[in-house]
Amino acid sequence: MARSAPSHGPATFEAPPNIALVKYWGVRDPRLVLPYNSSISVTLARLRSRTRVRFDDDLRDDRVELNGAVAAGGPRAAVVAMLDVVRERSGVRARAEVVSENNFPTASGLASSASGFAALAGAASAAAGLELSPRELSRLARLGSGSASRSVFGGFVLWRAGSRADGRDSYARSLFDERHWPALVDVVALVENAPVKEVRSAEAMQATVRTSPDYPGRLETLPGRIDRIVRAIAARDADRLFPLVMEESDSFRGVCETTRPSLDYLTPGSRAVLAEVRALNRAAGRPVAAYTHDAGAHVHVFTLAPHLARVRRSIARVPGVRTTLVLRPGPGLHRVDPGSRTRAPRIPGRTGR
Ligand code: PMV
């Protein structure tokens with residue numbers, strides 16, 4: 001057997017999740033994860049996946065541990081697929097040990113695929129001796145989960161859809177770093193009885209592409225909306241940004257609901273949060289908050305520091321809201337020393353596994 005290229009010792013990386021202000025929903029190439037539309041997100045501080053990868057010639061098979069349990073089936077296969085890409089590019093043939101854990105409860109329903117695959121892209125490529133640029137890391141992370149391409153960068157991030165068939169022009173880049181708009185905060189409303197996802201996002205979005213009569217119209221409106229959102233963020237103008245964020249959230253929810261069979265991610269508690277945000281804005285006579293949600297029941301409510309206490313109190317009181325979590329824009333993917341710690345947010349009511 002030919003000897004494999006030497007690997008480079010274990011590598012540990014951390015990556016945060018992100019919340020999309022303009023949603024990625026629909027792919028033109030499922031294998032290369034090439035989206036129909038560009039998307040924008042905010043990378044979130046304090047939450048993170050931490051992943052350690054070690055290639056070892058003595059291992060007979062890849063060993064994947066996720067949040068303290070040995071992974072099998074689909075989750076393991078997705079990790080192994082990314083390891084295979086890294087092996088092919090680096091010439092390393094050895095099997096790998098992957099140990100990954102989140103500092104937020106997996107069962108909480110907060111998206112972990114973006115943080116998980118961004119951290120894996122960083123750790124696997126470094127352990128294999130590949131020195132990838134942030135752009136290359138973004139393209140690699142994209143193969144695991146589209147939204148992971150954005151978690152490579154901190155702050156405000158744009159993932160360009162690109163148009164090439166080989167995907168080389170489909171990667172994320174930083175629009176503004178995490179210090180750009182210190183007053184902007186995200187109050188996450190964690191709702192009670194958030195259902196566990198029945199259909200993976202990657203499949204659900206393709207059902208939307210195939211069956212929602214509103215999907216083509218959504219794609220047409222997106223370039224203009226993206227333009228306006230980038231300009232509102234650049235100007236730190238919440239009066240312009242917040243209505244656009246809700247318009248986009250409504251458009252995303254609309255194409256989900258008109259998918260056949262219909263995709264309904266929200267609980268009565270989530271819907272009550274949307275109503276509360278509308279009521280807060282009506283009462284204030286201007287947009288003091290903006291809601292958005294992903295393919296899940298929890299709702300992210302953006303507001304500005306001066307309104308934070310009031311908005312958080314109102315959201316926490318909504319029936320069906322279990323707890324709220326205040327998150328700010330944070331840094332993206334980075335390498336960490338094995339012993340280092342990130343202060344974990346306290347999310348009461350559930351354990352880590
Ligand atoms: O990256 P995926 O395959 O988990 O899909 C993410 C889809 C949304 O979260 C709904 C939108 C987005 O852009 O993050």
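The chain is numbered in sequence order, starting from 1. Whatever order the structure lists them in is the order used to number ligands and atoms, beginning at 1. Keep in mind that what you see is a predicted model, and the values were worked out from it rather than measured.
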For ligand 1, does [X] get within less than 4.0 Å through its side chain, its backbone, both, or neither, judged by non-hydrogen atoms?
{"X": "Ala20", "result": "side chain"}
{"X": "Arg150", "result": "side chain"}
{"X": "Ser113", "result": "side chain"}

- [ ] Verify whether the ring centers belonging to Phe176 and Trp181 lie closer than 6.0 Å.
- [x] no

- [ ] Test Phe156 against every option in Leu184, Asp177, Ile40 by the side-chain contact (heavy atoms from CB on, under 4.5 Å) rule and name the one that passes.
- [x] Leu184

TODO: Using modelled atom types only, decide if a donor and an acceptor are shared between the side chain of Asp62 and the backbone of Ala96 within a distance under 3.5 Å.
DONE: yes

- [ ] Mark yes or no for whether His334, through its side chain, and Phe13, through its backbone, hold a donor-acceptor pair below 3.5 Å.
- [x] no

[X] heavy atoms, cut-off 4.0 Å: which ligand 1 atoms fall inside?
{"X": "Gly146", "result": "1 (O)"}
{"X": "Met205", "result": "5 (O)"}
{"X": "Lys23", "result": "13 (O)"}

Open item on the list: Using 30° and 60° as the class boundaries, would you call the ring planes of His293 and Phe252 parallel, tilted or perpendicular?
Closed with: tilted

Task: ring pair (Phe, Tyr, Trp, His ring centres under 6.0 Å) partners for Phe302, two or more places apart - done: none

- [ ] Pick whichever of Gly26, Gly144, Ala295, Ser145 has a heavy atom sitting closest to atom 2 (P) of ligand 1.
- [x] Ser145

